[in-house]
Peer 1: 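I have a structure here, written as structure tokens, and I will follow up with some questions on it.
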Amino acid sequence: MPERRLALAASPTEAAQEAAAELRRRHDWVPVQEADTIVALGGDGFLLQTLHLMLDRRRILPVFGMNLGTVGFLMNEWSAEDLLGRIGRTKPFTVNPLRMDATTIDGQSFTSPAINEVSLLRETRETAKLEVIVNGRTVLPELVCDGILVATPAGSTAYNLSAQGPILPLDSMQLALTPISPFRPRRWRGAILPERTRISFRVLDPVKRPVSAVADQREVRDVATVDIAIDRTNPLTLLFDPEHALDDRITMEQFAF
């Protein structure tokens, strides 16, 4: 089996930079454009940045992340020992990102991928008023709320969980549609939808009640409409230690207090 060509990416934090220096002493590394695997050092936010950079460059490689941040839900434990052996034993998981197509009130169009979630958020003290459309059918003519989000299974334990949304198993092929501080309809708490669903939002009264759309960490302000669907053309591969696999972590998160 040919030896992997590894590229190293590290967040700018002191801990990640010290870990990167240690790994550079132990292993040979190649530039990203010559690599077949990326080792990412940092937290979940840095891993998302690394994945987005690959999507932007249209060169997607498997990523083995090691946690040197805070939560590190999408990361393996940090260790400088037996790195090549660990990577050789990893369990790969494929994650299909969301694609967000947003149009602003002045007619500009933006497209952005999202690995965790797409969120619509009110920009001022005024509550947002949104029309919710599923597969071309209006399911909620008016949702009054602070916002709403669409989360992938990989992102269901992030912002979605904080907003009281459901945890989705990684292989569930479902999306979570979760309102953020909903006011009306009072009893609506969201929905679980098949992964193939196309979800759209229309901002009602967008000038008086402006709304921004955020795809992971990328924001588009003053949106008028937002369309969201799974993008199967750019699958991402995350590598996990067998005893620390993402699907097991998501399952066990349902029993965390």
Side-chain angles (χ1 to χ4, degrees), residues 44-45 48-49 51-52 55-56 96-168 174-231 234:
D44 286 342
L48 290 177
Q49 290 178 27
L51 296 173
H52 275 285
L55 290 169
D56 291 342
N96 289 304
L98 296 167
R99 172 184 165 126
M100 177 189 79
D101 294 299
T103 302
T104 65
I105 58 177
D106 59 3
Q108 295 184 74
S109 297
F110 297 89
T111 296
S112 185
I115 297 153
N116 273 359
E117 76 278 315
V118 173
S119 308
L120 273 70
L121 305 167
R122 65 183 175 98
E123 295 179 7
T124 69
R125 65 181 184 279
E126 299 276 4
T127 56
K129 291 188 176 182
L130 307 171
E131 179 185 4
V132 182
I133 304 160
V134 173
N135 291 331
R137 176 184 177 186
T138 296
V139 293
L140 287 176
E142 184 182 79
L143 172 65
V144 183
C145 57
D146 280 355
I148 192 169
L149 63 85
V150 178
T152 65
S156 67
T157 54
Y159 190 8
N160 173 71
L161 183 59
S162 298
Q164 308 301 311
I167 294 175
L168 302 176
Q174 294 176 324
L175 300 173
L177 177 63
T178 302
I180 302 166
S181 301
F183 179 64
R184 286 196 180 94
R186 287 190 181 277
R187 296 185 180 180
W188 189 68
R189 291 295 179 266
I192 298 174
L193 301 171
E195 191 181 64
R196 64 180 179 276
T197 304
R198 185 172 185 84
I199 303 164
S200 302
F201 304 104
R202 185 170 70 89
V203 181
L204 307 178
D205 200 359
V207 175
K208 182 175 185 292
R209 301 172 182 272
V211 170
S212 65
V214 184
D216 286 342
Q217 301 154 337
R218 300 181 178 184
E219 181 182 26
V220 179
R221 295 184 67 82
D222 301 333
V223 295
T225 62
V226 177
D227 297 316
I228 301 165
I230 283 287
D231 181 4
N234 291 299

Peer 1: Just verifying a value: how many Å separate F183 CZ and K129 NZ, rounded to the nearest 0.5 Å?
Peer 2: 10.0 Å

Peer 1: Looking only at heavy atoms, which two atoms of Q174 and L168 are closest? And how far apart?
Peer 2: O-CD1, 3.6 Å

Peer 1: Do you know the tightest heavy-atom contact between T152 and N96?
Peer 2: CG2-O, 4.3 Å

Peer 1: Heavy atoms only: give me the nearest R221-T104 pair and the separation to one decimal.
Peer 2: O-CG2, 3.7 Å

Peer 1: Looking at every non-hydrogen atom in both residues, tell me the closest pair between P206 and V223 and how far apart they are.
Peer 2: CB-O, 4.0 Å

Peer 1: Quick one: pull up CG in D231 and CZ in R99 and give me the separation to the nearest 0.5 Å.
Peer 2: 6.5 Å

Peer 1: Name all residues meeting the side-chain hydrogen bond (donor to acceptor under 3.5 Å, both in side chains) criterion together with T178; count only those two or more places apart in sequence or in a different chain, and write none if there are none.
Peer 2: N160

Peer 1: Report the distance from atom CG of D205 to atom CD1 of I105, rounding to the nearest 0.5 Å.
Peer 2: 10.0 Å

Peer 1: About how many Å separate CG of L121 and OG of S181, when rounded to the nearest 0.5 Å?
Peer 2: 10.5 Å

Peer 1: Between L130 and I148, does the side chain to side chain contact (heavy atoms under 4.5 Å, CB included) criterion hold? Intermediate values first, please.
Peer 2: CA-CA 9 Å; L130 307 171; I148 192 169; 3.7 Å; yes

Peer 1: Does a side-chain heavy-atom distance below 4.5 Å link R189 with Q164?
Peer 2: no

Peer 1: Look up atom CD1 in I192 and atom OG1 in T197, then write down how far apart they are to the nearest 0.5 Å.
Peer 2: 11.5 Å

Peer 1: Donor-acceptor pair, R209 side chain versus T127 backbone, under 3.5 Å?
Peer 2: yes

Peer 1: Can you see which heavy atom on L98 is nearest to which on I230, and at what distance?
Peer 2: CD2-CD1, 3.7 Å

Peer 1: Kindly state each residue pair satisfying salt bridge (Lys or Arg N to Asp or Glu O under 4.0 Å) with at least one member in residues 140-160, sequence neighbours excluded.
Peer 2: R122-D146

Peer 1: Give the table of side-chain donor-acceptor pairs shorter than 3.5 Å for residues 107-120, with sequence neighbours excluded, one pair per line with atom names and distance.
Peer 2:
| residue | atom | partner | partner atom | Å |
| --- | --- | --- | --- | --- |
| Q108 | NE2 | D106 | OD2 | 3.2 |
| T111 | OG1 | D101 | OD1 | 2.6 |

Peer 1: R196: which residues meet the side chain to side chain contact (heavy atoms under 4.5 Å, CB included) condition with it, sequence neighbours left out?
Peer 2: P194

Peer 1: In the structure I gave you, are the side-chain heavy atoms of L143 and F201 within less than 4.5 Å of one another anywhere?
Peer 2: no

Peer 1: For M100 and R218: C-alpha separation, side-chain torsions, deciding distance, then whether side chain to side chain contact (heavy atoms under 4.5 Å, CB included) applies.
Peer 2: CA-CA 11 Å; M100 177 189 79; R218 300 181 178 184; over 6 Å; no

Peer 1: Tell me which donor-acceptor pairs under 3.5 Å the side chains of residues 132-140 have, and how far apart each pair is, sequence neighbours excluded?
Peer 2:
| residue | atom | partner | partner atom | Å |
| --- | --- | --- | --- | --- |
| N135 | OD1 | R198 | N | 2.9 |
| T138 | OG1 | E131 | OE2 | 2.6 |

Peer 1: Report the residues that fulfil side-chain hydrogen bond (donor to acceptor under 3.5 Å, both in side chains) with T225, sequence neighbours left out, ordered by chain and then residue number.
Peer 2: none

Peer 1: Rounded to the nearest 0.5 Å, how far does CG of L55 lie from CG of D216?
Peer 2: 9.5 Å

Peer 1: Please step through side chain to side chain contact (heavy atoms under 4.5 Å, CB included) for the pair I167 and S156, ending with a clear verdict.
Peer 2: CA-CA 5 Å; I167 294 175; S156 67; 4.2 Å; yes

Peer 1: Any side-chain donor-acceptor pair under 3.5 Å between E123 and S212?
Peer 2: no

Peer 1: Between D227 and R202, does any NZ, NE, NH1 or NH2 come within less than 4.0 Å of an OD or OE carboxylate oxygen?
Peer 2: no

